[in-house]
2 protein chains.
Amino acid sequence: MSKTAVSFAFNNPDRLSSETATRIREVADHLGYRPHPVARLLTQRQTMTLGVLTPQALAVIFSNPFFALFSEGVAHAAEELGYELHFISPRNGSLAAAVRRATVDGVVAIGLSGDHPEVEQIRSAGLPMVLVDSEDLPEHCSVVVDDEGGARAAAEHLVELGHRDILVVAVERPDSATDPSPTGVAERRLRGYRTVLTAAGIDLSPEWIVAGRASIDGGEAAFQRAWAYGLRPTAVLAMSDAMAIGSMRAARQLGLRMPADLSVVGFDDIDLAALVDPALTTVHQPIRQKGVDAVRLLLAEMEQRSGIQPEHLRLETRLIVRGSSGPVPSQRQEVQRQV
Amino acid sequence: MSKTAVSFAFNNPDRLSSETATRIREVADHLGYRPHPVARLLTQRQTMTLGVLTPQALAVIFSNPFFALFSEGVAHAAEELGYELHFISPRNGSLAAAVRRATVDGVVAIGLSGDHPEVEQIRSAGLPMVLVDSEDLPEHCSVVVDDEGGARAAAEHLVELGHRDILVVAVERPDSATDPSPTGVAERRLRGYRTVLTAAGIDLSPEWIVAGRASIDGGEAAFQRAWAYGLRPTAVLAMSDAMAIGSMRAARQLGLRMPADLSVVGFDDIDLAALVDPALTTVHQPIRQKGVDAVRLLLAEMEQRSGIQPEHLRLETRLIVRGSSGPVPSQRQEVQRQV
DNA sequence: AGTGTCCACTAAACCGGTTTTCTAAACCGG
DNA sequence: CCGGTTTAGAAAACCGGTTTAGTGGACACT
């Protein structure tokens, strides 16, 4: 039998007599033969895989509930459309190297600010890409949420409850050693906080902003650091739920009760937020939906290459008030008033 | 320039005069050229990616904290060794189809019992594979934990506290519609529970075993179902932490306090277990480590093809007593004694 | 019987690289 | 000045398939 016949037997059995076709297949799985998947990809010129690009190491990614929820959305949409998922993250520290080797038809990039050189690399490689949580590249589709508005809502909530000594627990970017500028997300949230606090006559001085890794431990350490520094906030604005929960843990260890002594407001509304005690007041953002929409946009772009206008999606955020926030403690309130 | 020269410029620059090499590269990234990654794979005959094979849809996978932790372990080990990760899950319901197209050098299969036809397919395709949570295929490496021992410890703990009306909340396999037999894991844990209960003179009748999806919602529904059926347990043995937490939620809605009215013991010890209130008594298993070891074994097998004895790893479990379990309520205890 | 269609299958080109082998010029010592 | 060794680059084979363009025989029709 020619290899043409074998190929037909697998992909185009109508072009063979049904007899030979079945015979070929029989022999094939008797021999444990399968068409080499890589060779197929080469001729078919598409891999039916989508890349999920992150500047962070995979191991930290999977332990991040935010990312898990986002991946769930991406996976859901990709699966529905028949695509597989391939995670692209730095190889030996180089994201560029990982991109070079990536065998994907398109890329969803999350947490990648526009200034990364990799995005240029991806475009010049001709890979369709959509950015999530960053829209500073107008020529690429993007999905963002209203971070600033959500942050404003969180800050307003605390101001209305009478808080004036507010600690901001910020997320630092993971590669902050080499690049200390905050990510776009952190910047936008901080801007939201600041707008409201300034309007309320509260001066957000730098020492009231502490940063750390966006994890429970990171939040715990950040709050402890602020406390050790002498800060005595009545409320915390945390840029992620994980950090908020970490702050609550640290506060509890210091003997503070929530929300009686300390109000905490998070950001993201991960599943865990509703499960902790007290349940976390937080800003909800449609994380899963971001994943779904990103894939939807990506496929639209892939289908009509060199296509129309890039689309920029902006999803809403909203404050969810739960048990972790309450009125400012009365004696503190008086102290504030007297000053 | 010949394409040979271009190839050398990228992979083997020493074979060109440094002058031409740099010139080629300049022209290349001026033109936005990159060596086609798929074509490379074809000649190099390895993809440097590892497959993570699951019989469940990706979307459900990522929302599962157990799987997240496992993936973290896999990712950590893979990354360290320079491998990428590709998730293999059913395509249009067919896991076999997904395996056929998978461009990976090896496979870590989790939650795949030995009776799946796919494992045979994978072997005949010549792909190295290690099984996690299943060891009924002696010719493949495997990583398991002592599920039965852990289950025994959990049951003993409750028996020692005086409980006799114990509800078992079991995980059903996700494709239970087509295949109602429990997975190996559920089987082993159930065996552990039963051993201890029987020895204590407690007859675990079928209606005291309720099954559901291995999620918080699944656990909640399962407990509600049992309650509606008229069962009034003083303790719950849940086969996963998520289901344990769901049961606690259901119980709280029914007005029960934990551990005063109801003791709950989970399984897995996911991060969340320590964070809920009351903190969950549970059986710890080294989930992350399972991922690391699976990759380690896989690479060992890949390096020395057709190699030595397949290795079978068995990791320990241990009971972690937290706040969700306590002595049986006294009046119930009396009722029991009188009967 | 001659010829036009179909049918079942095959030869050859191609996908886009890598790798081995080859060639021609430069270099070298005696 | 000549044979032998480097050196820079090119030609050709190969990876393992898919796809296009044949090819030869069976069959039908006139």
Side-chain angles (χ1 to χ4, degrees), chain A residues 1-49 82 84 96-105 121-122 124-127 302 305, chain B residues 1-49 51 82 84 96-106 121-122 124-127 302 305:
Chain A
M1 284 290 100
S2 67
K3 64 177 186 171
T4 311
V6 177
S7 177
F8 283 154
F10 278 90
N11 311 309
N12 213 346
D14 299 342
R15 291 201 44 178
L16 254 44
S17 75
S18 60
E19 186 191 344
T20 16
T22 49
R23 195 158 53 80
I24 289 179
R25 305 207 58 153
E26 268 167 23
V27 175
D29 57 82
H30 184 263
L31 264 52
Y33 166 86
R34 65 163 182 170
H36 194 305
V38 173
R40 286 187 105 142
L41 293 187
L42 185 59
T43 53
Q44 286 171 180
R45 312 169 68 70
Q46 59 171 335
T47 61
M48 292 305 281
T49 4
E84 325 230 330
V99 168
R100 241 192 316 276
R101 316 179 18 119
T103 56
V104 297
D105 295 338
Q121 181 195 357
I122 291 173
S124 73
L127 275 179
M302 282 162 57
R305 322 274 318 198
Chain B
M1 285 288 101
S2 69
K3 63 179 187 170
T4 313
V6 177
S7 177
F8 283 154
F10 278 90
N11 311 309
N12 212 346
D14 297 342
R15 290 203 42 178
L16 254 44
S17 74
S18 62
E19 185 192 343
T20 16
T22 49
R23 193 158 55 80
I24 289 179
R25 303 206 60 151
E26 268 168 22
V27 175
D29 56 83
H30 184 262
L31 264 52
Y33 167 87
R34 63 163 183 172
H36 193 305
V38 172
R40 291 188 100 142
L41 294 188
L42 185 58
T43 52
Q44 285 170 182
R45 308 168 71 70
Q46 60 171 333
T47 62
M48 293 305 280
T49 67
E84 324 229 331
V99 169
R100 239 191 319 276
R101 315 178 20 118
T103 55
V104 297
D105 295 338
Q121 180 195 355
I122 290 173
S124 73
L127 274 179
M302 283 164 53
R305 321 272 320 195

Measuring from atom OG1 of B/Thr103 to atom CE of B/Met48, what distance do you get when rounded to the nearest 0.5 angstrom?
13.5 Å

Using a 4.0 Å cut-off on protein heavy atoms (strictly under), produce a 5'-to-3' string for nucleotides 8-17 of chain D with B for base contact, S for backbone-only sugar-phosphate contact, and - for none.
-BBBB--BBB

Taking only residues two or more places apart in sequence, or in another chain, which ones meet B/Ala125 in a side chain to side chain contact (heavy atoms under 4.5 Å, CB included)?
A/Arg34

Decide yes or no for B/Gln46 and B/Met302: does some side-chain heavy atom of the first lie under 4.5 Å from some side-chain heavy atom of the second?
no

Which residues share a side-chain hydrogen bond (donor to acceptor under 3.5 Å, both in side chains) with A/Thr49, sequence neighbours left out:
A/Thr47

Which pair of heavy atoms, one from A/Ala9 and one from A/Ala21, lies closest together, and at what distance?
CB-O, 4.2 Å

If you write DNA chain C from 5' to 3' in dot-bracket form, with Watson-Crick or G-U pairs under 3.5 Å, [ ] for crossing pairs and | for pairs with another strand, what do you get?
||||||||||||||||||||||||||||||

The complete set of side chain to side chain donor-acceptor pair (under 3.5 Å) pairs with one or both residues in residues 20-29 of chain A, sequence neighbours excluded, reads A/Ser17-A/Thr20

With a 3.5 Å cut-off and sequence neighbours excluded, list the donor-acceptor pairs that the side chains of residues 36-45 of chain B form with protein atoms.
from: B/His36; atom 1: ND1; to: B/Val38; atom 2: N; distance (Å): 3.1
from: B/Arg40; atom 1: NH2; to: B/Asn11; atom 2: OD1; distance (Å): 2.5
from: B/Thr43; atom 1: OG1; to: B/Arg40; atom 2: O; distance (Å): 3.0

In whole angstroms, how far is the P atom of C/dC7 from the CG atom of A/Asn12?
15 Å

Suppose we screen for side chain to side chain contact (heavy atoms under 4.5 Å, CB included). Which residues come up paired with B/Ser2, at least two apart in sequence or across chains?
B/Thr4, B/Ala5

